[in-house]
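Structure record follows, encoded as structure tokens.
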Amino acid sequence: MSLITRREGRQLYDPRMPAPARLNFPDWMEGRLRDAFGADLEKAMNALNEQAPIDLRANLLKCKDPGDLILALDKDGYFARPPPSRPSACG
């Protein structure tokens with residue numbers, strides 16, 4: 001479970017919590033989400049609560065080599081790599 005957090009040695013996640021609190025969605029959406037995801041509701045909500053990957057596209061008019069962008073991002077602590085399918089992108 002991605003939302004398990006500890007504070008002062010206590011676990012803040014309890015499986016007995018209502019689904020909206022446990023899975024981080026508003027109460028009023030529960031019916032719609034259960035209709036959409038059915039038995040996969042918990043799996044879907046956990047996936048939606050994860051950090052999404054970030055993709056960047058280099059403007060090749062300003063940055064002739066996407067490798068330069070990757071090096072600049074690495075220097076600032078953002079470790080990027082070019083995806084094999086799009087050489088002018090980095091993720």
Side-chain angles (χ1 to χ4, degrees):
M1 164 84 100
S2 61
L3 296 177
I4 295 175
T5 308
R6 294 184 181 275
R7 182 181 169 114
E8 299 173 5
R10 294 181 299 169
Q11 186 170 314
L12 298 179
Y13 167 81
D14 185 336
R16 296 173 296 181
M17 294 168 68
R22 188 177 75 249
L23 301 173
N24 195 28
F25 63 83
D27 295 348
W28 61 268
M29 289 185 70
E30 186 168 7
R32 292 178 183 180
L33 291 171
R34 286 198 186 281
D35 289 345
F37 296 112
D40 292 329
L41 175 64
E42 188 160 346
K43 181 179 175 183
M45 291 295 93
N46 286 333
L48 290 169
N49 282 314
E50 292 293 322
Q51 176 68 41
I54 298 173
D55 290 333
L56 301 174
R57 186 184 62 81
N59 181 341
L60 298 178
L61 297 174
K62 295 183 178 185
C63 178
K64 297 295 181 195
D65 182 5
D68 293 340
L69 175 59
I70 290 172
L71 289 174
L73 288 167
D74 285 351
K75 182 179 174 185
D76 288 339
Y78 301 101
F79 302 104
R81 59 181 164 67
S85 61
R86 295 183 324 218
S88 66
C90 58

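Below, all heavy atoms of this structure are taken into account, side chains as well, without hydrogens, waters or symmetry copies. Nothing fancy with the numbering, it's 1 onward along the sequence.
Asn49 places a side-chain N or O within 3.5 Å of a backbone atom of Leu23 that can act as its donor or acceptor partner.
No side-chain heavy atom of Met45 sits under 4.5 Å from any side-chain heavy atom of Arg22.
Residues forming a salt bridge (Lys or Arg N to Asp or Glu O under 4.0 Å) with Arg16 (at least two apart in sequence, or on another chain): Asp14.
Applying the salt bridge (charged side-chain N to carboxylate O under 4.0 Å, His left out) test to every pair with at least one member in residues 31-40, sequence neighbours left out, gives these pairs: Glu30-Arg34.
Of all the heavy atoms in Pro26 and Pro20, the pair that sits closest is C-CB, 4.3 Å. Nearest heavy-atom pair, Ala19 versus Phe25, reported as atom, atom and distance to 0.1 Å: O-CE2, 3.7 Å.
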Distance-only donor-acceptor hits, side chain of residues 60-74, under 3.5 Å, sequence neighbours excluded:
residue	atom	partner	partner atom	Å
Asp65	OD1	Gly67	N	3.0
Asp74	OD1	Ala80	N	3.2

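Following chains of ILVMFWY side-chain contacts shorter than 4.5 Å, one cannot reach Met17 starting from Trp28, and the two form parts of different hydrophobic clusters.
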